[in-house]
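Input: a single structure, listed below in structure tokens.
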Amino acid sequence: MKVSIKWLAEYVDIAVPAKELAHLLTMSGTEVAGITQRGEGWAGIVVGRVASLRPHPTADSLTLATIEVREDPVTVVTGATNLKVGDKVPYAPVGARLLDVHTGRRAAVGGVRIRGVESWGVVCSEKELGLSDAHEGILILSPEAEIGQPLADVLGDTILDLEITPNRPDCLGVLGLAREVAALTEESLHLPDLTYLEQGPDVREAAQVEILAPDLCLRYGASVIYDVTVGPSPFWLRDRLLTAGVRPINSVVDITNYVMLEYGQPLHAFDYETLLGRRIVVRRPRPGESIRTLDGVVRQLTTEMLVIADAERPVALAGIMGGAETEVTERTRVVLLESANFSPTSIRRGSRTLRLKTEASVRFDKGLPPSLAMLALRRATKMLVELCGGHASRGVLDAYPGRRESITIRLTPGELRRILGIELTLAQMSRALGRLGFECREEGQALLVRSPEHRSDIQIPADLVEEVARLIGYDRIPTTTLAGPLPDHPPQPRRSLTERVRDLLVGCGLQEVISYSLVGHRLLSKIAPGAQDGAPDPLRLANPMTPDHEMLRTSLLPSLLECVVGNLCLDEPGPRLFEIGRVYLPRKGDLPREREMLVIAMAGPGCQRGWSERTVELDFYDLKGVVEELLVRLNLEEPRFCRTASQDVLHPGRALAIEWKGLRLGVMGELHPKVARNFEFRVPVFLAEFDLELLLEACQGDSLRIAPPPRFPAVRRDLALVVEERVAVSELFDLIRQAGGPLLAAVELFDLYHGQGLPPGTKSCGVTVTFRSPERTLIDAEVAEIEARITDLLQKRTGARLRG
Amino acid sequence: MNELRKELENLLAEAIAQIQNSADATQLEQTRVHFLGRRGRVTTILRQLATLAPEDRPTVGALANQVKETIEERVVARRAAFETIPSDEILAEDLIDVTLPGRRPGLGRLHPITQIIRRICGVFVEMGFAVMEGPEVEWDYYNFEALNIPEDHPARDMWDTFWIDPGISDVAKPMLLRTHTSPMQIRIMEQTRPPIRVIVPGKCYRYEAVDASHESQFDQIEGLAVDEQITFADLKGTLHTFARHLFGKDRKVRFRCDYFPFVEPGVDMSIDCFLCRGGGCRLCKESGWLEILGAGMVHPGVLARVGYDPARYSGFAFGLGPARVAMLKYGIEDIRFFHGNDLRFLRQFP
């Protein structure tokens, strides 16, 4: 909300500089998001008087205006048609800086010849001065402005840009803000005079108000003003509107807008003579009713909305927009002025259904204090009388079904201390609250507090505690550390696990990424063009922002692959990424199950190109190594790696499941070529996916025992085993372990060879077996014996023979 | 027995001569094995000690050990002679290019948001807070109702919401993507009794057009402390400690009044601007201050709703955005980088 300090100063004396004022407001809850100086950059621009006007000798659309300034009169060329002799206008001489209407940037006025006539500077529009977007005519200043006076002295102002929090609808007007300023600076408040001559007939003869929906309309006030002349508003009024960013229209509309800005209370003016039956009925629409609103749109009404109707038809969308048929025009002579209070519920629903937000609706949906309606009604009526030459009806209509008794709240210094941690006396409390307009009465060791009418946000003692705190200043409250017993926190095994997994993977050289939980069809269809078998349908958003983010993911893989795509193009060393995040699995009748998953992806060159390193394409075993390292470091007891082919996403020949006691903890493998093609990968991509909750189960059973370092030397034997290609190395290892017995300490593969020197269809596996006894040094003979047992078993089961 | 003594003496002389005559380290090692190895000549004699008469064993044993030790000493001395180290002048000529880049083991990195969340949680854990997590898909009740934001409350505008299509789950109650981590205040208080000190990091979502300073998905960290006698002064102290830990001990902190429906009084905490140190600049929008978090004393209505007696218990809650903290700390101008996952961005973090 933009508020002019000059305007504010009409209601409260402002003795502090704007910056200090902004600070006080900000600290007390009304944040000042910006301060702008109106008139900054107006150097040289002065008030001029139009002395004479004559047509341009060669151009019909241009006028030559002689402008009287302090020195000799000057002649300017203008295309504007709104100038009259005697008007006071802003005159910018050559060299003054104005906003260029086309570029929006400031530029110096040059001396130019326009169609052969020299123009000594220019007269300015609102837009050129940066006051508004209006550029149709020249800004006409107040007749009181002095010739030659700097424009900044006439129109200069400081505008505060304020953020009003939803609990303070009373601050949506300049007056409400003035009340805050008065309380903060301890200055007194000057309220506008609301008395006016009531020369017309009794208002009850002119109209009657009926509220048929008292749940939606808490109060309805109206007055009738006769013999109104609708015309342009005086300069000061238009200027006020401009400081708040509101376009002047005509005197009646400008007055309703002015009072709205002043009090925060929206008003509506009807052309009284277009209303039928002298009745104002506030009701829900009847089935099938519609209304043509001020913007010319015919709107179908639904029964959850609220309308203002005359005896026959709706004439306004209550609190949102007036109807076109009863609009005030230049011909209007009698105005019925409405100042009402509508419940935020009906305004919100109506405004949402019609997709129509207006200055009025955004104010009403904050829940305005009903007291404002009467004040604003009298204020606007008075202005119509004084500025439009009207005669006001005697009395005003005031239907007030929503009246509430004001409440009294008890506040003690003890309660204040309990919440704030500061000791204040009753007198200090009541002084702070008194500044804000609260009525305080001492009763024993307590304060009985009654809120002013406009503070409907104050309901409980805690609300008063905040009022006291912000008035004395949060700075004055002491700073202490938490005392009291420490809570007994249960262990968080899952969190510990995920953090450990993160650290391990970072140690393995992987980069963590975080992608969006929301995915779209375009991405998912790259993974599974058809419907995925057995996969649950994802949860969908009712109001997605974009089709690419409309479903809650049931797998992290698609988003991670997208990360790989992005980084493969960008990055020289291939991306090695992981993400830990949730998938959302829908459940009937409940919130979805949110499972924490881990996904890993690797692709492209394996190591950074450097002066001594080779660039090797990553392969399956790079990923498997990471997975093995992870599982070993998590101390998983004997996870089983089994070939699997059931994965749609993975290459059927290059996929592996990781199992533990019959639980499938995760899968890993190479990305299926058909999916790779959808993502346009040119290199193989390797993926792993783990369910962290299952992994946690597998880790929790751990019972690690640490053995002392061995005292006796180990004996190593290398075996070169030639077997058929189809024999899995893990099979060889299992057999070696079986035959090796208790003295076998380790089996490792040190070489794998295919090709020359071997029979076709075979491979040679170089295996190191290590033997060790915890009790003695082994002798050659016993090692040789075990070795023989091993080779025998391998030969028998797999046909393996030792390579010569 | 004397034979044995004689033999030992001969053996020693022989060994010394051989050690002295060995031409290189290999020969020396062969000599050592010849005398002292597992089947070496001295070793063999030592094994025979068991066959001697008990009265002879000590003297012969002592001699044998002495011989063994002398040989070992000579071997060590001789070995040192083979391993003479060239002088520094000569070594200085044996150059490598020490300016070549080292071979780095290539550690990965945590996402900056994870790093910031860890740091923030770490500060609070030191102050006795536990870290908990909660659901990202929530009921309207926890996200709004229980936090004093009933349907049609004007403050709902502060949180533009993604609603879940009820279709699949077949639920009557409105379901949404949580717009803040505050619903966990309710869940935690429903499940435990005071004293409570908890922080809750997690993802949140808002129906918001994405631009340089707004994301539809972001992280938040919620904090909650409830007990008897917790005051606004404790809120200030706790958050001040946090700010100093995270942003440096000279940081100025400002608490001002702000509004959130589920706290009363409400607070906004700012720190003095990194760039201008309070003078006013583009980063702090000329105010000199950077907003870091929203906080306040838990609203009595919220306490009552979870069955806590608001006359007995009080507490404070706060919420902050790690992305904003990271942006301020590292001078990042566009929030979209965090979920863009461009490695050229991510790799700049420590």
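Residue numbers start from 1 in every chain, and the chains themselves are labelled A, B, ... in the order their sequence lines are given, proteins ahead of strands.
Checked against ring pair (Phe, Tyr, Trp, His ring centres under 6.0 Å), A:Tyr516 has the following partners two or more places apart in sequence or in another chain: A:His549, B:His339. Every residue meeting the ring pair (Phe, Tyr, Trp, His ring centres under 6.0 Å) condition with B:Trp159, not counting sequence neighbours, appears here in chain and number order: B:His180.
With a 4.5 angstrom heavy-atom cutoff, B:Phe218 does not touch chain A via any of its atoms. Proximity to chain A is limited to the side chain of B:Arg118, based on heavy atoms less than 4.5 angstrom apart. Only the backbone of A:Arg587 comes within less than 4.5 Å of a heavy atom in chain B; its side chain stays farther off. Only the backbone of A:Ser28 comes within contact range of chain B, with heavy atoms under 4.5 Å apart. Heavy atoms of A:Glu467 lying under 4.5 Å from chain B are absent altogether. Looking at A:Pro461, there are no atoms closer than 4.5 Å to chain B (heavy atoms on both sides), in backbone or side chain.
Considering only heavy-atom pairs separated by less than 4.5 Å from chain B, the leading option among A:His23, A:Arg168, A:Lys19, A:Arg349 is A:Arg349. Ranked by non-hydrogen atom pairs under 4.5 Å with chain B, the options A:Arg502, A:Arg470, A:Arg494, A:Gln492 are led by A:Arg502.
With a 4.5 Å cut-off on side-chain heavy atoms, B:Thr114 and A:Ile514 count as touching.
Side-chain atoms of B:His299 never come within 3.5 Å of backbone atoms of A:Ala462 as a donor-acceptor pair (strictly under, hydrogens ignored). The closest donor-acceptor contact from the side chain of B:Gln217 to the backbone of A:Ser517 lies under 3.5 Å.
At a threshold of 4.0 Å, the pair A:Glu512-B:Arg109 does not count as salt-bridged, since none of the basic side-chain nitrogens sits closer than that to a carboxylate oxygen. Between A:Arg582 and B:Glu133 there is a salt bridge, with a side-chain nitrogen of the basic residue lying less than 4.0 Å from a carboxylate oxygen of the acidic one.
The side chain to side chain contact (heavy atoms under 4.5 Å, CB included) with B:Ile164 is formed by just one residue from the set A:Leu591, A:Asn543, A:Leu539; it is A:Leu539.
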Exercise. Just do the side-chain contact (heavy atoms from CB on, under 4.5 Å) check on A:Thr26 and B:Arg254 with the steps written out, would you?
Key: CA-CA 11 Å; A:Thr26 298; B:Arg254 180 184 84 172; 3.9 Å; yes

